[in-house]
Amino acid sequence: MGMRRALYPGSFDPVTNGHIDVIYRAIELFDELIVAIAENDSKTPLFSTEERVESVRKSLRNDIPVQVLILDGLLADFAKKNQINVVIRGLRAVSDFEFEFQMALMNRHLHPQLETVFLTPQEDYTYLSSRLVKEVARLGGDISKFVPPAVATKLKKIYTPCL
Ligand code: PNS
């Protein structure tokens with residue numbers, strides 16, 4: 001069997017400790033992981049694609065087999081082009097399930113060989129989401145336990161005037 005590669009796509013706006021936890025779990029299972037930062041969904045991101053790529057890169061040890069790339073267009077096409085048959089998604093709670101199930105089946109429709117593998121993040125991160133991190137940071141709360149230090153610094157700069 002050749003190298004087992006997997007794709008971990010997402011918005012990562014911003015990357016949280018929950019994402020980082022999923023990345024380290026995934027590299028225990030696969031030879032190489034490609035973290036694919038979605039260029040643009042319907043959501044307007046707080047951070048540019050380049051900033052999101054940089055934040056993920058800075059938050060990982062550099063001795064692990066992870067590449068961080070930009071995903072533009074369909075995930076299924078990106079997977080075909082890069083000859084990857086596994087997509088990793090983190091599943092935190094039942095509330096994630098419906099959307100994840102829809103995406104997994106749509107991706108299978110677009111790319112029948114593509115398998116979606118769900119990983120469970122560490123339980124401390126069950127309630128964690130990029131959306132809540134941004135909201136708490138915007139309202140002046142402490143988010144330093146939930147995101148890598150580089151992200152905490154960036155959020156503080158955005159939301160603390162005159163810093
Ligand atoms: O972190 P998110 O916002 O939950 O990630 C969603 C993401 C980026 C995985 C999804 O929106 C996606 O795959 N976007 C790429 C475009 C695409 O293929 N859309 C159809 C998915 S079935």
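Worth saying up front: this structure is predicted, and the values here are computed from it rather than measured. Order of listing sets the numbers, starting from 1, for every ligand and every atom in it.
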> Does Arg89, backbone or side chain, put an N or O under 3.5 Å from an N or O of ligand 1?
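In this structure, Arg89 places an N or O atom under 3.5 Å from an N or O of ligand 1.
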
> If hydrophobic clusters are built from ILVMFWY residues whose side chains come within less than 4.5 Å, do Leu119 and Leu7 share one?
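Each belongs to a different hydrophobic cluster.
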
> Side chain to side chain contact (heavy atoms under 4.5 Å, CB included) with Thr116: which of Arg89, Met103, Arg108?
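The residue from Arg89, Met103, Arg108 that satisfies side chain to side chain contact (heavy atoms under 4.5 Å, CB included) with Thr116 turns out to be Arg89.
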
> Using a strict cut-off of 4.0 Å, indicate which atoms of ligand 1 neighbour a heavy atom of Met106.
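Heavy-atom distances to Met106 below 4.0 Å select 22 (S).
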
> At under 4.0 Å between heavy atoms, is it the side chain or the backbone of Gln102 that contacts ligand 1, or both, or neither?
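Gln102 to ligand 1: no contact under 4.0 Å from either part.
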
> For residues 91-138, pull every pair meeting ring-ring contact (aromatic ring centres under 6.0 Å, His included), keeping only residues two or more places apart or in separate chains.
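ring-ring contact (aromatic ring centres under 6.0 Å, His included) check on residues 91-138 returns Phe97-Phe101.
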
> Below 4.0 angstrom from a heavy atom of Gly10, which ligand 1 atoms are there? Numbered from 1 as shown, please.
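It comes down to these atoms of ligand 1: 1 (O), 5 (O), 8 (C).
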
> Can Arg4 and Glu32 be said to form a salt bridge (Lys or Arg N to Asp or Glu O under 4.0 Å), step by step?
CA-CA 7 Å; Arg4 280 281 191 195; Glu32 190 184 5; over 6 Å; no

> Looking at ligand 1, does any of its N/O atoms fall within less than 3.5 Å of an N/O of Pro9?
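No, there is no polar N/O contact under 3.5 Å.
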
> Using a strict 4.0 Å cut-off to heavy atoms of Ala38, name the atoms of ligand 1 that fall inside it.
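Every atom of ligand 1 under 4.0 Å from some heavy atom of Ala38: 8 (C).
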
> Side chain, backbone, both or neither: which part of Ser11 comes within less than 4.0 Å of ligand 1 when only heavy atoms are counted?
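For Ser11, backbone and side-chain atoms both sit under 4.0 Å from ligand 1.
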
> Does ligand 1 have any atom that is closer than 4.0 Å to a heavy atom of Gly73?
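Yes; Gly73 lies near enough to ligand 1 that a heavy-atom distance drops under 4.0 Å.
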
> Write down the atom of Arg52, the atom of Ala38, and the distance for their closest heavy-atom approach.
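Closest approach of Arg52 to Ala38, heavy atoms only: NH1-O, 2.9 Å.
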
> Could you tabulate the donor-acceptor pairs under 3.5 Å formed by side-chain atoms of residues 68-86, not counting sequence neighbours?
residue : atom : partner : partner atom : Å
Lys80   : NZ   : Leu110  : O            : 3.1
Asn82   : ND2  : Phe78   : O            : 2.8

